[in-house]
Amino acid sequence: MNFGSDNWAGAAPEIIDAIVRANKGLAPAYGGDDLTARVEAQFSDLFETDCAVYFVATGGAANGLALSVMTPPYGMVLCHEQSHVQMDECAGPEFFTGGAKLLPIAGNAGKLTPQSVAKALASFPHRPPHGAPEHVLSLTQATECGTIYSANELKALCDFAHAAGLKVHMDGARFANAVAALDVSPAALSWRAGVDVLCFGGTKNGALAAEAVIFFDKTMAKDFEFRRKRAGHLWSKMRFVAAQFDAYIADDLWLRLARHANAMAEELSNGLAVTGGVEISYPTEINQVFACFPDGVADNLKDQGAIFFPWVTPGDPANGKMHRLVTSFNTTSQEVDAFLKAVADEMAA
Ligand SMILES: Cc1ncc(COP(=O)(O)O)c(C=O)c1O
């Protein structure tokens, strides 16, 4: 009954096998090997466009480094108030950008709209040289509340952003879950909608440590390799990151893993919803369920060995009650059923 995080899951066997296969003989270091070149090129096929791809080891590094080439140090990044870049990266984006300002924006269920972004821009008027000039709109797909932007919603946001002179960054730590849920092409949820730079996550969805920063406008990647090196994210044995993505992309493994994780969350959410007294806080659209339990129930479930954590949003009256339950590529129906039975027993007690 472990719903702590998709980060708690191990790596998919196909990924480990690929690492083992890559562990033969010698290969040029720092991404100069054939496998890295081949897998980087595969991203252009996957996204149906010529793109520049850089591998890093963590989602935080991907976001911070991507933003660092999208804004000058005196610029501003507009983002959701619950976004990972705002809440959970220990000022990493500020550090990597050399001090750019983050402007957090409120929005239902983790999502921004052109209207909410317009309102934020209007409330922070451009007053050179005083107010930081805006440079980037950062979106998370799927969002931190487990919700998804449709391709049309994304297009509306990107069109608005571009018209306002903003570039669009996407934190895609759970991009796979969004693509799997919407059953659209990765291109439709990225550059075709107007996303300029996508941080494409692998780690939460069965990779060991693999994130890709994808530039759909290659000119924006100009300085990226220097920044990645300087940040300590140019792996010397890059072939092992490439091997993970090789297996991840092959035969749509990434989508199969994400579909399974999403399906487990749907089972969990549906089961909780019919258990009187448990409130599902946000629509369950990917592999995350947000739920409010009656007083004491969450603690009792944890006493029985269930693992999940409170979800805290600054200023939210549900704080302390709302919990996040995350499924992964290797969550089983048995685990979900055992948890639902424990919840039902608790509610009946
Ligand atoms: C939405 C989102 N973005 C980025 C990250 C950062 O990933 P990492 O922990 O690999 O730095 C996370 C991790 O929890 C996340 O949930």
Taking all non-hydrogen atoms of both residues, which atom of [X] and which atom of [Y] are closest, and how far apart?
X	Y	value
A342	Q304	CB-OE1, 3.6 Å
A66	V197	CB-CG1, 3.9 Å
M70	H135	O-CB, 3.9 Å
M264	V336	O-CG2, 4.0 Å
S116	A106	CB-O, 4.0 Å
I280	A291	CD1-CB, 4.3 Å

Please step through side-chain contact (heavy atoms from CB on, under 4.5 Å) for the pair E267 and L340, ending with a clear verdict.
CA-CA 10 Å; E267 273 184 35; L340 292 174; 5.9 Å; no
To the nearest 0.5 Å, how far apart are [atom1] in [X] and [atom2] in [Y]?
X	Y	atom1	atom2	result
I286	K204	CD1	NZ	10.5 Å
L65	R230	CG	CZ	10.5 Å
L189	K155	CG	NZ	13.5 Å
I105	Q115	CD1	CD	12.0 Å
D171	F200	CG	CZ	13.0 Å
F329	N177	CZ	CG	12.0 Å

Test side-chain contact (heavy atoms from CB on, under 4.5 Å) applied to F309 and I307, step by step:
CA-CA 7 Å; F309 297 102; I307 297 175; 4.1 Å; yes
Using the ring of each side chain (for Trp, its six-membered ring), is F43 parallel, tilted or perpendicular to F245, with breaks at 30° and 60°?
perpendicular
Sub-4.5 Å side-chain heavy-atom contact between [X] and [Y]:
X	Y	result
K321	E279	no
R256	L253	yes
L208	F240	no
S328	N287	no
L137	L112	yes
L301	F339	yes
L154	V168	no

Apply the test side-chain contact (heavy atoms from CB on, under 4.5 Å) to residues L198 and F47: give CA-CA distance (whole Å), side-chain angles for both, the deciding distance (0.1 Å), then the verdict.
CA-CA 11 Å; L198 167 68; F47 280 88; 3.6 Å; yes
Mark yes or no for whether [X], through its side chain, and [Y], through its backbone, hold a donor-acceptor pair below 3.5 Å.
X	Y	answer
D223	V69	no
E335	T332	yes
D217	T219	yes

What residues, two or more places apart in sequence or in another chain, satisfy salt bridge (Lys or Arg N to Asp or Glu O under 4.0 Å) together with R324?
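Partners of R324 under the salt bridge (Lys or Arg N to Asp or Glu O under 4.0 Å) test: none.
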NZ or CZ of K111 within 45° of Y282 ring axis and under 6.0 Å
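So K111 doesn't make the cation-pi contact.
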Steps toward side-chain contact (heavy atoms from CB on, under 4.5 Å) verdict (Y248, N205):
CA-CA 9 Å; Y248 193 66; N205 187 37; 2.9 Å; yes
Under a 3.5 Å cutoff, is there a donor and acceptor pairing between the side chains of [X] and [Y]?
X	Y	result
E211	T203	yes
E144	H84	no
N63	H169	yes

SB check [X] [Y] (cutoff 4.0 Å):
X	Y	value
D6	R174	yes
K341	D345	yes
R38	D246	yes

Can you list, pair by pair, the side-chain donor-acceptor contacts under 3.5 Å of residues 72-81, counting residues two or more places apart and other chains?
unit_1, atom_1, unit_2, atom_2, d
H80, ND1, Q82, N, 2.9
H80, NE2, G107, N, 3.3
H80, NE2, G107, O, 2.8

Who pairs with F224 by ring pair (Phe, Tyr, Trp, His ring centres under 6.0 Å), at least two apart in sequence or on another chain?
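Only Y54, F215 meet the ring pair (Phe, Tyr, Trp, His ring centres under 6.0 Å) criterion with F224.
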Residue among F3, F290, F293 satisfying ring pair (Phe, Tyr, Trp, His ring centres under 6.0 Å) with F308
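That would be F293.
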